[in-house]
Amino acid sequence: MDPSIAPASRAAVVTPNDSAIVGARALYIGTAGDVAIAPRRDVDPVVFKSVPAGTILPVHAAIVALTGTTASNIIALF
């Protein structure tokens with residue numbers, strides 16, 4: 001299967017941080033809130049507002065920023 005479309009094979013808990021590289025291909029949001037994501041480390045984060053609990057955001061997340069993130073229990077999918 002093409003790795004770019006294969007399901008995630010690894011997961012890790014995310015602690016939002018304004019500079020730490022996550023490199024996830026998607027994020028599971030455990031507790032509702034806002035999620036600030038930078039798709040590349042040289043791009044400012046964009047805030048996904050009011051993401052419901054249980055949502056999988058199918059976006060590349062180089063950084064899950066602390067500034068602007070109110071959601072919690074975030075899991076990175078790789």
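The figures that follow rest on heavy atoms only: side chains count, while hydrogens, waters and symmetry mates do not. This structure is a prediction, so every number in the text was calculated from the model and none was measured.
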task = For Gly68 and Ala36, work out which heavy atoms get closest and say how close.
result = C-CB, 4.0 Å
request  = Please assess Thr69 against Ile37 for the test side-chain contact (heavy atoms from CB on, under 4.5 Å), listing each intermediate value before the final yes or no.
outcome  = CA-CA 9 Å; Thr69 296; Ile37 298 170; over 6 Å; no
CA sep, side-chain torsions, deciding dist, call: Asn73, Ile29, side-chain contact (heavy atoms from CB on, under 4.5 Å) = CA-CA 6 Å; Asn73 299 309; Ile29 309 304; over 6 Å; no
Please identify each residue that fulfils side-chain contact (heavy atoms from CB on, under 4.5 Å) with [X], with sequence neighbours left out.
{"X": "Ala76", "value": "Val14, Val22, Ala24, Leu27, Phe78"}
{"X": "Ala11", "value": "Ile75, Leu77"}
{"X": "Ile21", "value": "Arg41, Ile63"}

message = Is there a side-chain hydrogen bond (donor to acceptor under 3.5 Å, both in side chains) between Thr15 and Asn17? Walk through the geometry before answering.
response = CA-CA 6 Å; Thr15 301; Asn17 183 300; over 6 Å; no
key: Partners passing salt bridge (Lys or Arg N to Asp or Glu O under 4.0 Å) against Arg10 (at least two apart in sequence or in another chain)   = none
request  = Identify, with sequence neighbours excluded, every residue that meets salt bridge (Lys or Arg N to Asp or Glu O under 4.0 Å) alongside Asp18.
outcome  = none
Qualifying side-chain hydrogen bond (donor to acceptor under 3.5 Å, both in side chains) pairs, either residue in residues 53-64, two or more places apart = none
inquiry  = Would you say Val13 ends up clustered with Ile56 if hydrophobic residues are merged whenever their side chains have heavy atoms under 4.5 Å apart, either directly or through other cluster members?
reply    = yes
message = Once salt bridge (Lys or Arg N to Asp or Glu O under 4.0 Å) is applied, what residue pairs with a partner in residues 58-73 remain, sequence neighbours excluded?
response = none
task = Would you list the pairs meeting salt bridge (Lys or Arg N to Asp or Glu O under 4.0 Å) in which at least one residue belongs to residues 51-62, sequence neighbours left out?
result = none
In a table with atom names and distances, give each donor-acceptor pair under 3.5 Å that connects a side chain of residues 43-53 to protein atoms at least two apart or in another chain.
unit_1 : atom_1 : unit_2 : atom_2 : d
Lys49  : NZ     : Asp34  : OD2    : 3.1

